[in-house]
Amino acid sequence: MSNNIIELEAFHGTKRQRGIEIIDNGQMKKSIGDKHWLGDGAYFYEQLFFSYKWIKDMFKSRQYRDHSTYEDLIEKYLILHCNIKVNKERIFDIDNNFEHKCIFDRFTEKINEDKQYFERLSNQNIGDGVVLNIIFSEYKYINKYDVVIASFETKKSKYKNNDRTRLNFVLEKQICVKNLNVVYDIIEYNLKNEYDNLIYLMKEYNNKQKEITTYSTKRKGYSRRYLF
Amino acid sequence: MSLKDELKEIDEFFNNMSTHELEDMLIRNGAMEKKYIIDEGFTFSYRNFDEYENFIARVKKQQNGYYKNFNSDEGESVINSYTNINLGAA
């Protein structure tokens with residue numbers, strides 16, 4: 001294997017029927033639509049937790065309730081485990097490559113420069129996914145890059161009463177594969193042994209801050225101090 | 001290519017485009033997924049209403065939130081089975 005080829009272990013959560021089709025065909029399917037933050041492509045996480053969260057959220061939005069047991073969840077959803085083998089020079093890495101970030105920012109800037117003159121899109125926010133679709137399909141970056149990597153700061157509401165930390169987010173790293181040929185070894189991941197830990201992690205993810213009281217000698221009394 | 005040259009080429013890419021062409025490009029790439037009501041209880045949205053043969057139709061059953069994505073061939077037959085839709089209508 002060339003020194004430039006890296007291998008990423010990745011997870012993809014999806015409906016069970018769709019997942020079985022993917023396994024049978026040995027190839028991923030692209031996700032298309034405005035809910036996908038990095039544009040059209042097949043989406044993966046390196047962390048199992050986020051794939052679990054994805055199928056948990058899908059379950060709730062379609063069934064109008066949380067899943068009650070492991071069996072309840074996996075009846076309708078599954079997580080695929082895959083390997084992504086890609087030349088590191090063919091990764092458009094917005095996280096770790098500042099030049100790539102500059103390119104992305106320039107596209108966003110040029111699109112928004114003319115926004116006030118749009119007739120059909122004047123009230124529309126242009127999402128990052130649309131910008132990336134333009135970079136890859138119209139500006140032909142699909143010929144240069146197979147994968148997009150970017151992280152998003154999420155769950156800031158969790159930290160809103162802690163103004164002492166700069167780490168006031170949960171970082172969600174997404175991998176969007178534009179060239180499906182770099183995805184190999186697609187199998188269903190057996191969640192059973194990790195299920196209890198995932199439930200616990202989900203509770204931590206949704207953890208609300210605790211309210212505590214501290215004694216102020218200046219005010220000679222107790223006051224509430226929010227801490228996470 | 002240096003970043004400076006790359007950014008210059010990007011600027012040129014946009015400068016060679018009219019506002020209308022830019023808007024078309026944005027719509028082709030998902031900027032506006034327009035929703036149409038095609039029958040009672042059903043809406044569909046598609047990305048590229050300027051080039052009919054390349055749209056992606058999503059049929060939503062409003063009662064229970066069911067979504068299904070169709071490719072353009074399937075979507076066309078689904079839509080035609082419900083109504084004769086005027087694609088220019090909002």
Side-chain angles (χ1 to χ4, degrees), chain A residues 15 17-18 29-41 58-64 97-142 144, chain B residues 1-36 43-51 54-72 74-75 87-90:
Chain A
K15 287 191 289 188
Q17 189 187 342
R18 188 173 183 270
K29 297 185 185 191
K30 280 191 179 178
S31 297
I32 290 169
D34 55 1
K35 286 188 171 55
H36 301 287
W37 296 355
L38 298 177
D40 301 343
M58 272 208 293
F59 185 103
K60 189 167 181 179
S61 76
R62 308 257 163 96
Q63 311 301 321
Y64 301 103
N97 188 323
F98 184 59
E99 290 193 6
H100 291 174
K101 182 65 168 59
C102 290
I103 289 167
F104 174 80
D105 287 347
R106 183 57 65 95
F107 270 89
T108 304
E109 189 187 308
K110 296 303 285 187
I111 285 164
N112 285 309
E113 253 175 31
D114 275 349
K115 202 174 164 196
Q116 58 184 317
Y117 303 113
F118 290 158
E119 290 174 2
R120 291 163 285 173
L121 296 175
S122 53
N123 294 325
Q124 208 83 9
N125 286 324
I126 309 298
D128 298 329
V130 173
V131 177
L132 281 161
N133 281 345
I134 287 170
I135 293 172
F136 273 76
S137 65
E138 309 281 345
Y139 200 67
K140 308 293 181 205
Y141 262 30
I142 191 68
K144 286 171 69 169
Chain B
M1 189 188 292
S2 71
L3 177 65
K4 188 175 172 186
D5 290 337
E6 182 78 43
L7 294 179
K8 235 169 146 182
E9 282 200 7
I10 292 169
D11 289 345
E12 234 176 85
F13 173 78
F14 282 95
N15 293 342
N16 288 339
M17 221 184 287
S18 69
T19 303
H20 191 85
E21 282 168 340
L22 174 57
E23 226 180 351
D24 278 347
M25 184 174 73
L26 287 164
I27 290 168
R28 269 201 306 279
N29 287 280
M32 181 157 72
E33 288 190 336
K34 207 166 171 69
K35 288 187 171 53
Y36 288 79
T43 61
F44 85 94
S45 62
Y46 69 109
R47 176 178 289 185
N48 190 350
F49 56 83
D50 287 336
E51 293 178 15
N54 289 321
F55 72 79
I56 296 155
R58 182 188 299 160
V59 175
K60 176 184 173 185
K61 210 171 191 180
Q62 288 178 334
Q63 281 78 18
N64 63 15
Y66 167 84
Y67 285 90
K68 188 171 167 65
N69 286 331
F70 296 94
N71 63 27
S72 56
E74 287 172 328
L87 291 173

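Just so it is clear: chains get the letters A, B, ... in the order the sequence lines come, proteins before strands, and each one is counted from 1. Values below: every heavy atom of this structure, side chains too, minus hydrogens, waters and symmetry copies. Since we're looking at a predicted model, the values are computed, not measured.
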Decide whether a cation-pi geometry holds between A:Lys101 and A:Phe98; the criteria are a distance under 6.0 Å from NZ or CZ to the six-membered ring centre and an angle within 45° of the ring axis.
no
Looking only at A:Glu138, A:Glu113, A:Glu99, the option with the highest number of non-hydrogen pairs under 4.5 Å against chain B is A:Glu138
Just how far is it from atom CD of A:Gln63 to atom CE of A:Met58, taken to the nearest 0.5 Å?
11.0 Å
Under 4.5 Å heavy-atom distance to chain B, tell me which part of A:Phe107 shows up: side chain, backbone, both or neither.
both
State whether the number of non-hydrogen atoms from other residues, nucleotides or ligands found under 6.0 Å of A:Gln17 atom CD is greater than 12.
no
Please determine, among B:Ile10, B:Asn15, B:Leu22, the option with the most heavy-atom pairs under 4.5 Å with chain A.
B:Ile10
Of the options A:Asn133, A:Ile135, A:Ile134, which is the one that meets A:Val131 in a side chain to side chain contact (heavy atoms under 4.5 Å, CB included)?
A:Ile135
